[in-house]
Protein chains: 2
Amino acid sequence: MRLSKRGEYGLRAMISLANMLDANQQNPIIPIKEISRTENIPIKFLEQILLTLKNAGLLQSKMGFGGGYYLAKPPTEINLGQIVRILDGPLAPIRCVSQMAYEPCACPNEATCGLRMVMRDVRNAIANILDNTTLADVTERVNRTPFEV
Amino acid sequence: MRLSKRGEYGLRAMISLANMLDANQQNPIIPIKEISRTENIPIKFLEQILLTLKNAGLLQSKMGFGGGYYLAKPPTEINLGQIVRILDGPLAPIRCVSQMAYEPCACPNEATCGLRMVMRDVRNAIANILDNTTLADVTERVNRTPFEV
DNA sequence: TCATATTCTATTATCATAGTAGGCTATATA
DNA sequence: TATATAGCCTACTATGATAATAGAATATGA
């Protein structure tokens with residue numbers, strides 16, 4: 001049930017970019033090198049990950065001197081489910097309960113397959129959290145945390 | 001976020017064994033070959049899986065003629081979380097939120113790590129389902145299903 | 001003693017993961 | 001316009017996990 005490094009790094013990078021919005025919600029342009037340094041992610045690996053997220057429409061970039069990456073949409077409109085699916089594929093533990101990549105499984109009758117019923121619940125539980133948590137939610141939660149503890 | 005074939009086959013086999021309890025809850029001894037056939041699982045692969053589950057204390061076996069596997073405990077006392085952990089390892093998407101196999105992650109401060117907060121929720125959601133679903137629950141749910149639909 | 005069944009270890013093919021390498025293209029600025 | 005900076009893109013590789021397969025050894029009932 002694990003998240004790959006690819007997925008983890010991608011999430012960390014996106015959360016990091018969302019945290020860099022200033023008070024006016026202006027979207028700063030951050031070079032890969034800087035994200036790599038602050039998040040401790042191998043730079044060439046991060047390049048690939050950010051490029052993938054860009055091609056999927058979650059990031060935009062500016063090339064050349066003074067360039068870098070920035071969020072393609074406000075943090076309220078990007079959720080963690082999107083990011084994980086782009087980098088790691090379906091959230092579902094087994095394909096026969098996947099919404100985005102359904103495939104039939106080997107069991108004789110899917111409608112009465114006990115494993116499938118439970119795994120559908122698991123998929124829905126994961127999706128409910130990740131699809132309903134935006135980058136803005138994460139930022140807000142982190143900012144709130146020190147005062148709660 | 002996926003379940004391996006190993007984990008899937010193990011769950012199917014255990015659910016299958018639980019379904020074979022008769023009205024008196026007597027625990028029949030089922031040879032690997034039979035489970036392999038009914039569940040469409042490669043027999044030599046299933047051998048390894050059942051042996052692992054036996055060594056972990058969830059199954060018992062009888063060797064020789066008339067032998068096979070049977071549940072070590074009543075289906076009400078075996079939950080899916082145990083099975084998955086034995087075959088696939090921790091339920092947590094990342095190690096730093098694992099209860100059974102915690103490892104520190106690379107982030108500077110775990111207490112204020114946004115990714116960690118969300119992934120802890122995901123871990124708990126998965127664990128709440130799998131640790132609270134017994135083999136008996138699965139059997140009961142399947143038996144109830146046709147009448148609901 | 002034979003057929004059946006589990007036990008146990010080794011081996012293997014394939015794929016995913018987690019990178020690394022290097023050349024190419026675009027852009028600001030000196 | 002040269003240069004440094006920064007993203008774009010493709011290829012490659014090492015490692016380990018996954019999903020088996022193979023075969024011999026051991027136990028047991030008839």
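Hydrogens, waters and symmetry mates are skipped; everything else that's a heavy atom, side chains included, is used. None of these values were measured; they are calculated from a predicted model. Here is the naming used below: chain letters follow the sequence lines, and residue numbers restart at 1 for every chain.
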(request) Give L50(A) one of three labels, base, sugar-phosphate or nothing, depending on what nucleic acid heavy atoms sit under 4.0 Å from its own. (result) nothing
(message) How about NZ on K73(B), more than 12 heavy atoms from neighbouring residues, nucleotides or ligands closer than 6.0 Å, or not?
(response) yes
(message) Need to verify one output field. Residue with the more 5' nearest nucleotide on DNA chain C, G68(B) or R2(A)?
(response) G68(B)
(message) I need the CG-P distance between L46(A) and dC9(D), as an integer number of Å.
(response) 16 Å
(request) Please answer: with hydrophobic residues joined when any side-chain heavy atoms are less than 4.5 Å apart, are L3(B) and M100(A) in the same cluster? (result) no
(message) Expressed as a whole number of angstroms, how long is the span from I43(B):CD1 to dG23(D):P?
(response) 15 Å
(message) Can you tell me how far apart CD1 (I49(A)) and CZ (R12(A)) are? Round to the nearest 0.5 Å.
(response) 11.5 Å
Can you pull every protein N or O that's under 3.5 Å from an N or O on nucleotides 10-13 of chain D?
residue : atom : partner : partner atom : Å
dA11(D) : N6   : Q48(A)  : NE2          : 3.4

(message) Tell me the interatomic distance from I41(B), atom CD1, to dA20(D), atom C1', rounded to whole angstroms.
(response) 13 Å
(request) Quick one: do R141(A) and D121(B) satisfy salt bridge (charged side-chain N to carboxylate O under 4.0 Å, His left out)? Show the steps, please. (result) CA-CA 13 Å; R141(A) 190 166 169 185; D121(B) 288 349; 3.0 Å; yes
(request) Linking directly or through intermediates, with side-chain heavy atoms under 4.5 Å: list the remaining ILVMFWY members grouped with Y102(B), chain and number order. (result) none
(request) Just report the end-to-end axis angle for the helix from dT1(C)-dA30(D) to dA30(C)-dT1(D), five pairs per end, to 10 degrees. (result) 10°
Shorter than 3.5 Å, N or O on both sides, protein versus nucleotides 26-30 of chain D: list them out with atom names.
residue : atom : partner : partner atom : Å
dT28(D) : O2   : F65(B)  : N            : 3.3

(request) List in chain and number order the residues that pass side-chain hydrogen bond (donor to acceptor under 3.5 Å, both in side chains) with N124(A), two or more places apart in sequence or in another chain; answer none if no residue qualifies. (result) none
(message) Please enumerate all residues that pass salt bridge (charged side-chain N to carboxylate O under 4.0 Å, His left out) together with E77(B), with sequence neighbours excluded.
(response) none
(request) Decide salt bridge (charged side-chain N to carboxylate O under 4.0 Å, His left out) for R2(B) and D88(B); before the verdict, give the C-alpha distance in whole Å, the side-chain angles of both, and the deciding distance to 0.1 Å. (result) CA-CA 10 Å; R2(B) 68 185 260 285; D88(B) 271 20; over 6 Å; no
(message) Tell me the interatomic distance from N40(B), atom CG, to dA20(D), atom P, rounded to whole angstroms.
(response) 12 Å
(request) Take the protein atom CD1 of I49(A) and the nucleotide atom P of dC9(D), then report the distance between them rounded to whole Å. (result) 16 Å
(message) Nearest 0.5 Å, please: how far is OG in S4(A) from CE in M1(B)?
(response) 9.0 Å
(message) If I take atom OH in residue Y70(A) and atom C1' in nucleotide dG7(D), what distance separates them, rounded to the nearest angstrom?
(response) 12 Å
(message) What is the separation between atom NZ on K5(A) and atom P on dA17(D), rounded to the nearest whole Å?
(response) 14 Å
(message) Within the structure provided, determine whether V122(A) and V97(A) are in side-chain contact (heavy-atom separation under 4.5 Å).
(response) no
(request) Quick one: list whatever passes salt bridge (charged side-chain N to carboxylate O under 4.0 Å, His left out) with E39(B), sequence neighbours left out. (result) none
(request) May I ask you to list the residues of residues 89-100 of chain A, by number, that have any heavy atom positioned under 4.0 Å from an atom of DNA chain D? (result) none
(message) For a 4.5 angstrom cut-off between non-hydrogen side-chain atoms, does P90(B) reach R85(B)?
(response) no
(message) With a cut-off of less than 4.0 Å, is there a side-chain N or O of Y69(A) near OP1 or OP2 of dA6(D)?
(response) no
(message) Per the ring-ring contact (aromatic ring centres under 6.0 Å, His included) rule, what does the pair list look like for residues 37-75 of chain B, sequence neighbours excluded?
(response) Y9(B)-F45(B)
(request) Would you check if L17(B) and L59(B) make a side-chain contact, meaning some heavy-atom pair closer than 4.5 Å? (result) yes
(message) Please identify the 5'-most and 3'-most nucleotides of DNA chain C with any atom under 4.0 angstrom from a heavy atom of chain A.
(response) dA18(C) to dT29(C)
(request) Applying side-chain hydrogen bond (donor to acceptor under 3.5 Å, both in side chains), name anything that partners T133(B), two or more places apart in sequence or on another chain. (result) none
(message) Give me each pair satisfying side chain to side chain donor-acceptor pair (under 3.5 Å) with a member in residues 48-57 of chain A, each pair once, sequence neighbours excluded.
(response) K54(A)-S61(A)
(request) Please determine, by modelled atom types, if T139(A) and N19(A) share a side-chain donor-acceptor pair under 3.5 angstrom. (result) yes
(request) Mind calculating the distance between CZ (R6(B)) and P (dA20(D)) to the nearest angstrom? (result) 12 Å
(message) Ignoring hydrogens and geometry beyond distance, is the side chain of K44(B) in donor-acceptor contact with the base of dG23(D) at under 3.5 Å?
(response) yes
